[in-house]
2 protein chains.
Amino acid sequence: MSEKPEQKLRKRNIKPTAMRELVLKVLTDQKTAISLPELEQKFEKADKATLYRTLKTFEKQKLIHSIDDGTGPVKYALCLEECSCSVNDLHVHFHCTKCNKTYCLHEIPVPSVNLPKNFSLESVDMVVQGICANCK
Amino acid sequence: MSEKPEQKLRKRNIKPTAMRELVLKVLTDQKTAISLPELEQKFEKADKATLYRTLKTFEKQKLIHSIDDGTGPVKYALCLEECSCSVNDLHVHFHCTKCNKTYCLHEIPVPSVNLPKNFSLESVDMVVQGICANCK
DNA sequence: TATAACTTTGCAACCCGGTTGCACTTATTA
DNA sequence: TAATAAGTGCAACCGGGTTGCAAAGTTATA
Ligand SMILES: [Mn+2]
Ligand SMILES: [Mn+2]
Ligand SMILES: [Zn+2]
Ligand SMILES: [Zn+2]
């Protein structure tokens with residue numbers, strides 16, 4: 001089932017360094033999306049730039065995707081195993097206005113929209129604001 | 001038909017100062033959303049803080065609404081006459097990845113979504129990325 | 001193995017949008 | 001008119017994001 005961090009990195013063509021495995025571990029343990037500032041706090045002594053570049057590498061290799069819920073720093077969450085970050089993989093995100101956590105609702109695909117004539121679609125971001133089950 | 005800026009401000013309970021009428025004029029002439037940095041450039045000599053507070057006032061009084069398309073500074077666009085920024089008034093936004101303009105698609109309401117159990121909805125942001133009719 | 005080439009990391013500095021404190025001006029009210 | 005409140009301009013600050021550069025670590029080559 002759940003494979004080693006190292007394997008997960010290799011599968012996405014990311015050289016598994018110590019730092020990267022640690023970051024992946026944090027992301028895996030996390031049930032909700034995490035921002036760079038939050039990630040920084042998870043480490044006793046880690047450099048912001050390194051973490052930043054780690055996230056960028058992960059994102060480029062589609063190990064994680066970014067979520068801008070509009071309420072602060074950009075957050076990141078693990079992609080599903082089979083994810084290629086294409087339009088098919090797009091899902092709704094939920095931001096809780098009470099606890100400020102941001103959830104991936106993987107089971108809810110973003111609804112399709114009929115754009116005006118001559119507008120073409122590349123991607124969609126849909127963020128629902130509200131109260132999450134934990135805060136209710 | 002199109003009423004005076006002064007009237008439009010009064011209707012939203014905003015005291016019509018010279019500055020505010022100028023900003024409203026810019027927003028009205030604009031077919032797409034505009035950011036604070038962009039707004040600054042529209043004036044020969046205007047203070048960022050004043051413009052900032054003007055936008056905040058307009059937003060609080062629901063004369064304009066903000067749009068975070070995730071590609072830079074927050075943008076602002078006029079609300080429709082009858083808008084009260086409630087869930088009913090929510091519409092899809094479109095960001096053109098070529099010209100970087102952001103459009104209000106007032107005629108396209110945000111689709112409804114079925115949230116997981118015990119998640120409640122307060123608001124929704126939906127931004128479609130793609131190429132606009134002008135850039136096509 | 002020794003060396004060269006490339007990659008990753010850490011540190012510092014910077015950029016920029018957003019925000020606030022404060023004094024000054026302008027409008028409103030008593 | 002005097003007192004009060006609202007709006008404006010300037011400067012400084014904050015925080016997330018980003019980059020340059022040198023040191024350390026890794027991989028490839030002879
Ligand atoms: Mn997600
Ligand atoms: Mn809009
Ligand atoms: Zn919550
Ligand atoms: Zn365009």
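As the structure is a computational prediction, the values presented were derived from the model and not from experiment. Letters go in sequence order (proteins before strands), and every chain restarts at 1.
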Between [options], spot the one nearest the side chain of [X], thanks.
X	options	value
B:Lys15	D:dG7, C:dT20, C:dT8	D:dG7
B:Asp47	C:dG18, D:dC10, C:dT9	D:dC10
B:Ala49	C:dG10, D:dA11, D:dG17	D:dA11
B:Arg20	C:dG18, C:dG10, D:dG7	D:dG7

Just the rounded figure in Å: distance from [atom2] of [N] to [atom1] of [X].
X	N	atom1	atom2	value
A:Asn13	C:dT7	CG	C1'	15 Å
B:Leu22	D:dT8	CG	C1'	13 Å
B:Leu55	D:dT8	CG	P	12 Å
A:Leu51	D:dG16	CG	P	14 Å
B:Leu9	C:dA27	CG	P	15 Å
B:Met19	C:dC24	CE	C1'	17 Å
B:Lys60	D:dA6	NZ	P	11 Å
B:Gln61	D:dA6	CD	P	13 Å

Classify the ring geometry of B:His65 against B:His93: parallel below 30°, tilted from 30° to 60°, perpendicular beyond 60°.
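If you compare the ring of B:His65 with that of B:His93, the planes turn out tilted.
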Take A:Ala46 and B:Pro37, find for each the nucleotide of DNA chain C with the closest heavy atom, and name the residue whose nucleotide sits nearer the 5' end.
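Closer to the 5' end of DNA chain C: A:Ala46.
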Using heavy atoms to find the nearest nucleotide of DNA chain C for A:Thr54 and B:Val74 separately, return the residue whose nucleotide is more 5′.
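This one resolves to A:Thr54.
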Starting from the 5' end of DNA chain D, give me the residue, A:Tyr76 or B:Ala18, whose nearest nucleotide shows up first.
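Nearer the 5' end of the strand: B:Ala18.
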Non-hydrogen side-chain atoms of B:Val23 and B:Leu51 separated by less than 4.5 Å:
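Result yes, sub-4.5 Å side-chain heavy-atom pair found.
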Using a cut-off of 4.0 Å on non-hydrogen atoms, how would the nucleic acid contact of A:Lys56 be classed: base, sugar-phosphate, or nothing?
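Answer is sugar-phosphate: A:Lys56 comes under 4.0 Å of backbone atoms only.
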Check every strand shown and say whether B:Thr17 touches a base, only sugar-phosphate, or nothing at a heavy-atom separation below 4.0 Å.
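Here B:Thr17 touches the backbone only, sparing every base.
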Have A:Thr97 and A:Gln129 got a donor and an acceptor in their side chains that come within less than 3.5 Å?
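Short answer, no.
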base_contact_polar (D:dG9 base, B:Arg53 side chain, donor-acceptor, <3.5 Å)
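Answer yes: a donor N or O sits under 3.5 Å from an acceptor.
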Return yes if the base of D:dG9 and the side-chain atoms of B:Lys48 contain a donor-acceptor N/O pair under 3.5 Å, otherwise no.
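In this structure, the two groups form no donor-acceptor pair.
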Establish, with yes or no, whether the OP1 or OP2 oxygen of C:dT19 is under 4.0 angstrom from a side-chain nitrogen or oxygen of B:Tyr52.
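So the side chain of B:Tyr52 is within the cut-off, an N or O lying under 4.0 Å from OP1 or OP2 of C:dT19.
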Within 6.0 Å of CD in A:Glu44, more than 12 heavy atoms from elsewhere
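Counting neighbours around CD of A:Glu44, 12 or fewer heavy atoms of other residues, nucleotides or ligands fall under 6.0 Å, so no.
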Could you walk me through whether A:Glu6 and A:Glu21 pass side chain to side chain contact (heavy atoms under 4.5 Å, CB included), step by step?
CA-CA 7 Å; A:Glu6 197 201 313; A:Glu21 292 189 20; 3.6 Å; yes
